[in-house]
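Worth knowing before you read on, the calculation uses all heavy atoms, side chains too, and leaves out hydrogens, waters and symmetry mates. Per chain, numbering begins at 1; letters A, B, ... match sequence-line order.
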Number of protein chains: 2
Amino acid sequence: MADLVYKNVMQDLKRRINDNQFPDKRLPDERSLSESYEVSRSSVKRALNVLAQQGIIFKKRGSGTFVNPLYIKNQAVFSYEGRNLGVTDSMRVDGKKPSIKLLDFQVIPATPELQQDLFLNADDFVYQIKRLRSLDQQPVMIETGFIPIKIMPELSTTVVSGSIFNYLEDNKHVSVTKSFMTVEAEPSDDKDQELLSLKPTEPVGVMSGIFFLDDGTPFEVSNMRIHYKYMKYNNFVDLDAD
Amino acid sequence: MADLVYKNVMQDLKRRINDNQFPDKRLPDERSLSESYEVSRSSVKRALNVLAQQGIIFKKRGSGTFVNPLYIKNQAVFSYEGRNLGVTDSMRVDGKKPSIKLLDFQVIPATPELQQDLFLNADDFVYQIKRLRSLDQQPVMIETGFIPIKIMPELSTTVVSGSIFNYLEDNKHVSVTKSFMTVEAEPSDDKDQELLSLKPTEPVGVMSGIFFLDDGTPFEVSNMRIHYKYMKYNNFVDLDAD
DNA sequence: CTCGGTAATTGGGTCGTACCAATTTTCTAA
DNA sequence: TTAGAAAATTGGTACGACCCAATTACCGAG
């Protein structure tokens with residue numbers, strides 16, 4: 001699969017962790033791993049660093065490297081590791097069938113805010129795409145996206161009725177790998193209540209933010225209003241990164 | 001401050017970015033930086049990698065390294081970089097005065113769920129700490145925390161009325177650097193409405209999760225119910241990390 | 001048997017080299 | 001003039017050496 005040395009080490013270690021091959025939760029030291037995998041210690045360190053960043057292992061200088069007990073006990077919670085930025089993908093994990101209903105699709109001039117977020121000029125235009133996402137017939141999310149037409153001049157209602165990210169990867173061979181998102185809670189408004197079958201006392205979770213292409217080009221500004229029972233945003237934070 | 005080579009490079013580059021010393025958004029190539037800073041290219045790469053992970057710069061092989069335009073335009077959004085896991089600290093940034101009111105403080109047997117999350121035995125006990133946090137007299141958060149007594153046998157009402165994380169760092173020289181959090185939205189219940197002055201239609205944001213010590217020991221299980229107007233959870237994600 | 005110093009273990013940081021891969025620039029030939 | 005090949009530029013991966021720092025293990029003196 002992966003032809004990179006450190007990724008191979010990573011994958012094998014993850015496999016061994018999942019197979020519970022380290023019953024005392026302790027991994028071999030870096031020098032031994034370097035020897036047994038027949039790779040440099042640098043590559044071992046790199047593999048371990050990534051696993052540590054993902055919260056799967058903990059490293060303690062002078063002491064050793066250990067598996068996060070929570071990773072073993074509650075892998076479901078850590079499922080964000082098969083992670084993705086696209087919404088279509090994240091929903092499939094539940095085992096339910098996702099579907100998309102196109103509510104609105106038009107081209108509008110970029111507002112000042114959009115100009116700033118998408119790095120556009122005053123005379124640029126954007127697609128405005130409103131979609132309703134469901135899981136097994138149950139509407140769960142109202143999504144409003146804005147994409148500069150100059151990035152995707154060929155966007156059609158057909159494409160927009162499916163996964164835009166998948167289309168990008170399959171047809172244009174670029175992928176969206178970065179995002180900056182804000183998560184908030186809000187009371188549901190009339191539209192939310194109608195489309196998501198919510199009572200007035202039931203809220204929506206709001207995820208909004210910007211998706212970037214590999215090269216840093218801001219690609220889409222998105223706003224998602226989510227049925228509160230279906231929003232669960234998981235995040236592992238490790239401050240040691242700097 | 002920092003006596004590490006790559007951190008020094010990082011800080012200086014960040015300073016130069018903030019000073020807008022790269023008007024074309026392009027940084028010098030790695031080899032030049034290595035020469036001008038008189039450090040190895042490895043250290044330059046490490047510094048750049050961290051900045052990239054934080055979303056401050058983008059790297060493109062064959063092309064160069066560029067400042068994220070959004071970082072310049074909207075630094076407020078990226079303020080998570082002066083980041084922290086503690087709640088006391090995060091609130092101070094608003095310029096408002098945080099305060100804590102202790103609602104409840106007792107020792108209880110660890111529930112099965114707590115045993116799992118905190119890696120405890122059936123006969124272990126935990127502190128249960130309920131606190132109400134305010135900003136400038138405005139109540140914004142109901143916080144319920146559980147801490148194993150065997151980790152902090154000396155916990156007192158005095159300590160618990162302030163920042164526990166600060167106490168830990170100042171007095172025991174350990175710091176909390178990792179967390180696994182889940183963010184959700186929920187309708188407010190009677191208690192929420194009373195303590196946070198919410199109407200029945202107004203929701204709370206719920207942040208719950210586990211804090212870890214440096215060595216991976218689960219330290220605290222926390223549940224925070226936050227006035228929806230005061231919850232704003234920012235997160236930059238970069239899938240290139242693996 | 002216990003305490004305390006010393007050695008061994010283990011992860012962390014830095015340097016420098018070598019080569020690879022994607023992109024951009026330059027040059028050459030039609 | 002221009003299209004395509006070649007070279008230069010620029011970041012990516014890998015290796016291995018060297019030393020440091022935190023922790024643990026060990027061993028001897030008392």
Side-chain angles (χ1 to χ4, degrees), chain A residues 1-11 13 22 24-53 56-67 173-175 177 213-217 238-242, chain B residues 1-11 13 22 24-53 56-67 172-175 177-178 213-217 238-242:
Chain A
M1 192 58 171
D3 53 349
L4 297 184
V5 173
Y6 80 95
K7 282 198 183 183
N8 285 330
V9 175
M10 241 184 80
Q11 285 180 7
L13 283 175
F22 309 109
D24 57 351
K25 305 275 175 276
R26 188 200 183 107
L27 272 61
D29 68 279
E30 295 181 349
R31 289 163 178 88
S32 308
L33 287 172
S34 164
E35 219 175 315
S36 58
Y37 281 115
E38 292 181 312
V39 302
S40 71
R41 191 180 158 209
S42 320
S43 296
V44 172
K45 288 182 87 70
R46 185 162 184 178
L48 292 177
N49 279 335
V50 177
L51 292 177
Q53 194 114 22
I56 297 177
I57 61 175
F58 291 105
K59 293 184 292 180
K60 190 77 179 129
R61 162 149 60 171
S63 179
T65 303
F66 304 87
V67 179
H173 306 291
V174 293
S175 55
T177 54
L213 301 181
D214 296 0
D215 63 355
T217 310
D238 182 353
L239 295 189
D240 289 339
D242 43 35
Chain B
M1 189 63 180
D3 52 350
L4 296 183
V5 173
Y6 80 94
K7 283 198 184 183
N8 285 331
V9 174
M10 240 184 78
Q11 284 179 10
L13 282 177
F22 308 110
D24 56 353
K25 305 276 175 276
R26 187 199 185 110
L27 270 63
D29 68 279
E30 297 181 349
R31 288 162 179 88
S32 307
L33 287 172
S34 165
E35 216 176 318
S36 59
Y37 282 115
E38 291 181 313
V39 302
S40 71
R41 191 181 156 209
S42 318
S43 296
V44 171
K45 288 184 85 67
R46 185 161 186 176
L48 292 178
N49 279 336
V50 177
L51 292 176
Q53 194 113 26
I56 297 176
I57 62 175
F58 292 103
K59 294 184 291 181
K60 191 82 177 117
R61 163 148 60 169
S63 180
T65 303
F66 306 86
V67 179
K172 303 194 62 173
H173 306 292
V174 293
S175 54
T177 54
K178 297 171 177 60
L213 301 181
D214 295 1
D215 62 358
T217 310
D238 182 353
L239 295 190
D240 289 339
D242 44 31

*Asks:* Taking NZ from B/Lys59 and P from C/dT23, how many angstroms apart are they, rounded to a whole number?
*Replies:*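 Taking atom P of C/dT23 as the reference, NZ of B/Lys59 is at 15 Å.
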
*Asks:* Going by heavy atoms closer than 4.0 Å, what residues in residues 33-46 of chain A are next to DNA chain C?
*Replies:*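 A/Arg41, A/Lys45 - these, ordered by number, are the residues of the stretch whose heavy atoms sit under 4.0 Å from the strand.
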
*Asks:* List for me each residue that meets salt bridge (Lys or Arg N to Asp or Glu O under 4.0 Å) alongside B/Arg41, sequence neighbours excluded, and say none if there are none.
*Replies:*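 With sequence neighbours excluded, B/Arg41 shows a salt bridge (Lys or Arg N to Asp or Glu O under 4.0 Å) to B/Glu30, given in chain and number order.
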
*Asks:* How many angstroms lie between CG in A/Asp238 and OG1 in B/Thr177, if you round to the nearest 0.5 Å?
*Replies:*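 Rounded to the nearest 0.5 Å, the CG-OG1 separation comes out at 6.0 Å.
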
*Asks:* B/Leu27 has an atom CG; how far is it from atom C1' of D/dT9, in whole Å?
*Replies:*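 Rounded to the whole Å, the gap is 16 Å.
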
*Asks:* When the distance from CG of A/Leu4 to C1' of D/dC15 is rounded to whole Å, what number comes out?
*Replies:*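 Rounded to whole Å, this separation is 15 Å.
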
*Asks:* Produce the list of close N/O pairs, under 3.5 Å, pairing protein atoms with atoms of nucleotides 8-10 of chain C; give distances to one decimal.
*Replies:*
from	atom 1	to	atom 2	distance (Å)
C/dT10	O2	A/Gly62	N	3.3

*Asks:* Whole-Å distance between D/dT10 C1' and B/Asn49 CG?
*Replies:*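 It is 14 Å, rounded to the nearest whole Å.
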
*Asks:* Compare every heavy atom of A/Phe22 with every heavy atom of A/Pro28, then report the nearest pair and how far apart it is.
*Replies:*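 Minimum heavy-atom contact is CD-CE2, 3.6 Å.
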
*Asks:* Expressed in angstrom and rounded to an integer, what is the separation of A/Phe58 atom CZ from D/dT23 atom P?
*Replies:*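 Atom CZ in A/Phe58 sits about 16 Å away from atom P in D/dT23.
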
*Asks:* Taking only residues two or more places apart in sequence, or in another chain, which ones meet B/Lys59 in a side-chain hydrogen bond (donor to acceptor under 3.5 Å, both in side chains)?
*Replies:*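 Here the qualifying residues are B/Asn49.
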
*Asks:* Tell me every residue that passes side-chain hydrogen bond (donor to acceptor under 3.5 Å, both in side chains) with A/Ser43, counting only those two or more places apart in sequence or in another chain.
*Replies:*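 Applying side-chain hydrogen bond (donor to acceptor under 3.5 Å, both in side chains) to A/Ser43 gives A/Ser40.
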
*Asks:* Assess the residue pair A/Leu33 and A/Val9 against the criterion (side chain to side chain contact (heavy atoms under 4.5 Å, CB included)); give the C-alpha distance rounded to whole Å, side-chain angles, the decisive distance to 0.1 Å, and a yes or no.
*Replies:* CA-CA 9 Å; A/Leu33 287 172; A/Val9 175; over 6 Å; no

*Asks:* Under the side-chain hydrogen bond (donor to acceptor under 3.5 Å, both in side chains) test, which residues partner A/Ser63, sequence neighbours left out?
*Replies:*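 A/Ser63 satisfies side-chain hydrogen bond (donor to acceptor under 3.5 Å, both in side chains) with no other residue.
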
*Asks:* A/Ile57 and A/Leu48: which non-hydrogen atoms are nearest, and at how many Å?
*Replies:*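 That closest heavy-atom pairing would be CD1-O, 3.4 Å.
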
*Asks:* Between B/Gln53 (CD) and D/dG11 (P), how many Å, whole number?
*Replies:*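 B/Gln53 atom CD is separated from D/dG11 atom P by 18 Å.
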
